[in-house]
**Q** 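Got a structure for you, questions after.
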Amino acid sequence: MPEGHTIHALAGRLNRAYAGKPVRASSPQGRFADSAAQLDGEVLIGAQAAGKHLLVEVDGDRWLHVHLGLIGNFAVTPLADGIRPEDVPVQGEVRLRLASDTHVADLRGPMVCALITAQEAHSVLDRLGPDPLRADADPDEAWARISRSGKTITELLMDQAVIAGVGNVYRCEVLWRHRIDPHRPGRELRQSSWDTIWADLVRLLPLGVAYGQILTLEPQVEEAERRLAAGEEPPVITGRSLGTTFPREFATYKRAGEPCPTCDSRIRTAKVAGRTLYWCGRCQRRR
DNA sequence: AGGTGATGGTCAC
DNA sequence: TGACCCTCACCTG
């Protein structure tokens, strides 16, 4: 489920639930028991996302590093009145449970869950390319790599050292939105095309954070922007639920053989570096 | 009831 | 290139 927008939303949820307060930590599954014991009772200073990585600073110069991978889930649930954290049943293999008087957060199936030093946390950040959701992001750093790479733009968009936070859905959809051939080598991409991709991701990803779902069809994107501008509060995402404000619709993703919204040509599919790419062979022809 | 693939990534060969 | 990590939704029957 997670691309960068999911992790940024998660960091916000964790901050609202726990930041500045001591947290109870446990590992019902047991695999993370030692680290949970070290976390237990410490003040959770703040959570931040960098691409698909979650970094939570904890008192005592320690950082909790979580990467959900493809199948992981970190469900933050507010407690109903009178319910204590220990009353919430543990369902499945919960690697880490964070609890307070107000919330329970259960981590399942992560690719990474580790307690690391500040230095190690910085090295995680250093390995990542710019993240369109972060204020400190510099798109020129990504362009420097893209413009001298023989790899295709679709591979480069998935390379977290080039740009952080983009996954398979956003890469397929953003290339379709700008009619860019996914097989075009980075070094043959015009800088104006890159600037357009970056600006679009800066526009799209915050909508994904706000609504808890990937929005890439222009009518949905504009409707989401309109609602946010009008001050509408998106529904709060809790537990394992996903955003359902808008129907789950894409232009290319998982639409192999179906008509392109623009030209009716059939959406094509191919495995690229182990992941399924979707694109319109007509709109996204090399030009 | 069982199988499969998935919005990810690493590592060994 | 494929095994693995190890969860869940969505098929098939």
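Chain A is the first sequence line, chain B the second, and so forth, proteins listed ahead of strands; every chain is numbered from 1. Worth saying up front: this structure is predicted, and the values here are computed from it rather than measured.
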**Q** The side chain of Q160(A) lies closest to which of these nucleotides: dA6(B), dG9(B), dT7(C)?
**A** dG9(B)
**Q** I'd like to know whether CG of D101(A) has more than 12 heavy-atom contacts from other residues, nucleotides or ligands below 6.0 angstrom.
**A** no
**Q** Provide, to the nearest angstrom, the distance between the NE2 atom belonging to H67(A) and the P atom belonging to dC6(C).
**A** 16 Å
**Q** Using only heavy-atom distances, determine whether the side chains of R134(A) and Q48(A) contain a donor-acceptor pair under 3.5 Å.
**A** yes
**Q** What's the CG-P distance between L277(A) and dA6(B), to the nearest Å?
**A** 13 Å
**Q** Could you check how far CD of E155(A) sits from P of dG9(B), rounded to whole Å?
**A** 14 Å
**Q** How far does the P atom of dC6(C) sit from the matching atom of dA1(B), given to the nearest Å?
**A** 26 Å
**Q** Does dT7(B) have OP1 or OP2 under 4.0 Å away from a side-chain N or O of R275(A)?
**A** yes
**Q** With a 4.0 Å cutoff (strictly under), does any side-chain N or O of K52(A) reach OP1 or OP2 of dT7(B)?
**A** no
**Q** Tell me which nucleotide among dA6(B), dT7(C), dC6(C) gets nearest to the side chain of K254(A).
**A** dA6(B)
**Q** Can you tell which of dC6(C), dA6(B), dT7(C) lies closest to the side chain of E93(A)?
**A** dT7(C)
**Q** What does the 5'-to-3' dot-bracket notation of DNA chain B look like when only Watson-Crick and G-U wobble pairs under 3.5 Å count, and pairs to other strands show as |?
**A** ||||||.|||||.
**Q** Within a reach of under 6.0 Å around CG of D34(A), are more than 12 heavy atoms found that belong to other residues, nucleotides or ligands?
**A** no
**Q** Which part of the nucleic acid, if any, lies within contact of R171(A), taking any heavy atom under 4.0 Å across all strands shown: a base, the sugar-phosphate backbone alone, or nothing?
**A** nothing
**Q** Just how far, in rounded Å, is P of dC6(C) from CE of M111(A)?
**A** 12 Å
**Q** Would you mind reading off the distance between R127(A) atom CZ and dT10(B) atom P, rounded to a whole angstrom?
**A** 8 Å
**Q** Output the single nucleotide from dC6(C), dA6(B), dG8(B) whose closest atom is nearest the side chain of T276(A).
**A** dA6(B)
**Q** When rounded to the nearest 0.5 angstrom, what is the spacing between CG in D106(A) and CZ in F74(A)?
**A** 8.0 Å
**Q** What I want to find out is whether R177(A) reaches E173(A) closely enough, with some N-O distance under 4.0 Å, to be called a salt bridge.
**A** no
**Q** Expressed in angstrom and rounded to an integer, what is the separation of Y253(A) atom OH from dG5(B) atom C1'?
**A** 9 Å
**Q** Can you check the D159(A) CG to dG8(B) C1' distance for me, whole Å?
**A** 13 Å
**Q** Under the side-chain hydrogen bond (donor to acceptor under 3.5 Å, both in side chains) test, which residues partner S100(A), sequence neighbours left out?
**A** T102(A)
**Q** Between dT1(C) and dT7(B), how far apart are the C1' atoms? Round to whole Å, please.
**A** 23 Å
**Q** Distance check needed: dA3(C) C1' versus I71(A) CD1, whole Å only.
**A** 14 Å
**Q** Say whether, by atom type as modelled, one donor and one acceptor occur between the side chain of D59(A) and the main chain of E42(A) under 3.5 angstrom.
**A** no
